[in-house]
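What follows is a set of notes on a single structure, which appears directly below.
A note on names: the letters A, B, ... follow the listed sequences, proteins ahead of strands, and every chain is numbered from 1. Since this is a predicted model, take the numbers as computed values, not measurements.
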Amino acid sequence: MEYNFHEIEQKWKRYWAEHHTYRVSNQSDKPKFYVLDMFPYPSGAGLHVGHPLGYIASDIFSRYKRLKGFNVLHPMGFDSFGLPAEQYALDTGIHPAVSTANNIKRYKEQFANIGFCYDWEREVQTSDPAYYRWTQWAVVQMFEHYYDRDANKALPIKQLEQKFEHSGNQNVHAAGGFDKKFTAEAWKQYSHAEKEAVLMHYRLIYRRPISVNWCAALGTVLANDEIKDGLSERGGHPVEKRSMLQWSLRTTAYGERLLNDLDTIDWTESLKTMQRNWIGKSEGAQLFFHLHRRKDNIEVFTTRPDTIFGATFMVLAPEHPLVAQITTNKHQDEIDDYLKYVQSKSEVERMADKKVTGAFTGAYAVNPFTKTKIPIWISEYVLKDYGTGAIMAVPSDDDRDKAFAEKFHLPIIDVVDKSKYPGASLHDKVGIMINSDFLNGMEVPNAIQTMFTRIEALKIGKRRINYKLRDANFSRQRYWGEPFPFIYDKEGITYPVKTSELPVVLPNTDDFKPSSDAKSPLSKCTDWVHLPNGYTRETDTMPAVAGSSWYYLRYMDANNDKSLADKEAIKYWQNVDLYVGGTEHAVSHLLYARFWHKFLHDIDFVPTTEPFQKLINQGMLQGVIESIYLKKEKTNGHHHIYGSKLLLASNANLNDYIKLYVLIDYVTDYGAADSHLNIAGIDKFRKWRPEYNDAIFETIYGTYHLGKFTPKGDVSDVKLVTHSEVGKISKSRYNVINPDDVIAEFGADCFRMYEMFLGPIEQSKPWDVRSISGVSSFLRKFWSLFYDLNTGKYLVNEVEPTKAALKVLHTAIKGITEDIERFSFNTCVSKFMVCVNELKKLNCHNRFILNELVILLAPFAPFTMEELWEKLGHQTTVCDATFPTFDESYLKEDVIMYPISINGKKRGEAHFPTTMQPKEMESLVRDLEVVKKWTEGIPIKKVIIVAGRMVNIVV
RNA sequence: GCCUCUGUGGCGGAAUUGGUAGACGCGCUGGACUCAAAAUCCAGUGAUAGCAAUAUCGUGGGGGUUCGAUUCCCCCCGGGGGUACCA
């Protein structure tokens, strides 16, 4: 019997489908375990080798848990709303629903090839109306709730209205909130529209104007990463900041709980730290600075009120509303120029810029403590959305303020003496106050507290908690997303669509261009927008994070048409036990999902407070990007294309050339140092990029033009050497490697194990198919324990296993169990290899040993193990076997080898009985030849013996 | 810029709590088999010196703690991810 993985894969793929091997029930006596992958966006490029990394890891873990006796939920679905499908529709006219359906079909075929144990009866697609009905339902619930600070949870907005009726908003402590106080009488006098406007300040999803990146030429709002140097990446059109009415989620309401509950979940400390920093809680003072000779004042938030005597100027965000009002005529031009400069930069660029820039408004404020007049500047380093959009600048104790003061020659007053704290940096809150009037001589923490009290006593500000976290902008002017379940009457008052009338189905159209008035393409579906009663629909759609914020709940009861999921199902599955996904989602998706979950918890929909109990991050697989160089200037009407070797040899200025990515299929010796295009490769390239069909290809071996090769010297083939660099695998870099090709050549089990063998799951690493042969020969070697590879003879015997073989087996069981539990799958593969190498050496074909090994390996190589399990005479799937347990007694050794080190450096080895105590060993150690050799003539200072570990002699 | 991860042979990586640096695999070198090649098998393989035994150096760079540091602390350099509308 030969190892034919093609036949084996087809056979078991069919078996699993026919026997519903991966169907999961919501009723079971077994303990539950929920393993979840971050579901993919079904892109047009199909699955590439980087995607399955996490999926294989979670699949192994799911199968392992099942073998360990758990009822395992391991579902898969698609995050199928998104920008790329819409962009593709704009380019090709193909409807996003059509391209998305095709892509999903392709993904599912690819998933099936890899042998994942998903229960496809629970599949979800976020763009399916049966799914987004419940996304809309949750949004309606948010609209009808507010966050009550006293109850510390979301409560129905009806209860808030009752409070208003009863006592106005005097005693209401709510997130967000209306900034003016009103009485019950006043409330009752309000018109319907006025009441609704007030309530909008409390709802958990609410509408407000937000500044967005508006690109008039494209007629759309752009993401920061779609903007390069102030221009749209697509087309290079100008982009401006523009205020638009948008829906927002009141994520800040949950800031405190999102922060505190991190302590209850099992995520890496680094990920929790990222979320903590994103939430960015800080305690400080809200302070008002009066303007000099004007009535207005500037609100700032500072965590260092103690340094106020060093506040020698103020800086406003360029977008701060006061800027226009306070700028003096004399400085108007300067400010306008600066605003123009800032407009051209994205927020990331503004923060990343090391250059110190700014402009003076000509206006002054008064420092409330020193009573001195301080100038008001604007600068890009102050962001409008963080804090109050204005700062009091203390150049002596803040790096950026200091750089700013130095550049613009503003005064610097030292207020903290750090001489007692050597090594303390500028932002450490330590030191003794100086030059600070009544604070002089105090330690910083004490001074901060003193200032809080003083500020509140003087009524110029308040102690306050500030969060960096902002409410999430939830509106998109796009077609391919969930429609909002909101309608407006003629006055513009918002009404949620009745939940019984959900879903609000996305209307069909073939016009995906944004409308001319900065509205989404949906606004052009006039029949859909205008309701018979004169009301109109919201035409923005939701962002992709909407559907992905709660999909893990839908899997628990995916086909329910009465509810988001049945409460009994949620009660059974609780939350996700293990979530596997990339760190690129560290804050956005993971924070929104936590927010959503907490809201559903508040309205009694889910019993748990957190969605994902344990989370591990998978790294990215990187690929090699291959490119050649195009000279920017044509010569004699021809493009010239150069190989990297020739270009480097000629010391050319790279600025004169453009890097052209080459489809890696055309490259010979892909990824190697001398990767290149030969004649066939160049011809394929010319066909692929017809604009370069008549280009002249220059290589160190000669010139190739229109099918004709003019060699330099005695060579027969062109070698257009390509430049190789490690980077992201992506369609735009033409370096996507399809797992199907790898599977066709080496088999799915080999592919699965090789992906794991590449390295630790959480680390990024380059994909290099060349070393896959090691795993391939391992699987054949494993097979050869059952069948002679030459004769096909069945080798398995029924004799008693030897002590040596049992030791090999139990070493493997111990190591692999521990490694799976700590998600170290690469070392599992190594341990399997060591185990098989040892059994080969022992010439072991023992039935008992092999039976256990098949179960052990089944999570990693399910196809082959099903086959061998059957060959061993079992009638049922190996998925329902019992994972072997490890027995210490097989591993006991009589003697232990100790490394003998002199001053920490290993110089020899010695064997001692396992039971021997360090005290007994010492004199024997001193008599060892190695020890005598290295300590000749030098006294031994100390002998360190760690039982079972090592010996170190100190001289 | 800020937050976070990461850096070990020619390559992917191992070393789980501070205790033998380089497991396992690829590649490379030599050998067996073969008319030959592929496949397979066996041996070697961090660098330097040496016939060898062995010695010295060696985990991005610099410093520190320790009997002992890839592992802990401080500073610096390189690479990845995020930075709120890619997913």
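Between B/U40 and A/R780, a contact under 4.0 Å exists linking OP1 or OP2 to a side-chain N or O. Between A/K841 and B/C41, a side-chain N or O to OP1/OP2 separation shorter than 4.0 Å is absent. Residue A/R476 places none of its side-chain N or O atoms closer than 4.0 Å to OP1 or OP2 of B/C86.
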Per-residue pairing states of RNA chain B in dot-bracket (Watson-Crick or G-U under 3.5 Å; . unpaired, | other strand) read (((((((..(((......[....)))((((((.......))))))((((....))))..(((((..]....))))))))))))....
Quick one: which protein N/O atoms are closer than 3.5 Å to N/O atoms of nucleotides 63-72 of chain B? Pair and distance per line, please.
{"unit_1": "B/C67", "atom_1": "O2", "unit_2": "A/N952", "atom_2": "ND2", "d": "2.6"}

Give every pair of a protein N or O atom and an N or O atom of nucleotides 23-25 of chain B that lie under 3.5 Å apart, one pair per line with the distance.
{"unit_1": "B/A23", "atom_1": "N1", "unit_2": "A/S830", "atom_2": "OG", "d": "3.3"}
{"unit_1": "B/G25", "atom_1": "OP1", "unit_2": "A/N837", "atom_2": "ND2", "d": "3.2"}

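For A/Y132 and A/F81, the ring centers sit closer than 6.0 Å to each other.
For residues 828-838 of chain A, every residue pair satisfying the side chain to side chain donor-acceptor pair (under 3.5 Å) rule, not counting sequence neighbours, is listed here: A/K781-A/N837, A/D819-A/K831.
Under the 90° criterion around 0 for the glycosidic angle, B/G58 counts as anti.
Applying the ring-ring contact (aromatic ring centres under 6.0 Å, His included) criterion to A/F757, with sequence neighbours excluded, gives no partner residue. Shown here are the salt bridge (charged side-chain N to carboxylate O under 4.0 Å, His left out) partners of A/R478, two or more places apart in sequence or in another chain: A/E226. In this structure A/E762 satisfies the salt bridge (charged side-chain N to carboxylate O under 4.0 Å, His left out) test with no other residue, sequence neighbours excluded. The ring-ring contact (aromatic ring centres under 6.0 Å, His included) check on A/F404 picks up A/F313, A/W377, A/Y381, A/F408, with sequence neighbours excluded. A/K281 is linked by a salt bridge (charged side-chain N to carboxylate O under 4.0 Å, His left out) to A/E256, counting only residues two or more places apart in sequence or in another chain. Looking at residues two or more places apart in sequence or on another chain, you find a side chain to side chain donor-acceptor pair (under 3.5 Å) between A/E319 and A/R350. By the salt bridge (charged side-chain N to carboxylate O under 4.0 Å, His left out) test, A/R926 is found to be paired with A/E922, residues two or more places apart in sequence or in another chain being considered.
Per the geometry, CE belonging to A/M542 stands 18 Å off P belonging to B/C86, to the nearest Å. Atom CD of A/Q763 is separated from atom P of B/G81 by 15 Å (rounded to the nearest Å). Look at OH on A/Y467: it is 22 Å from P on B/A84, rounded to the nearest Å.
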Side-chain donor-acceptor pairs under 3.5 Å in residues 901-909 of chain A, sequence neighbours left out?
{"unit_1": "A/N903", "atom_1": "OD1", "unit_2": "A/V955", "atom_2": "N", "d": "3.2"}
{"unit_1": "A/K906", "atom_1": "NZ", "unit_2": "A/E909", "atom_2": "OE2", "d": "3.1"}

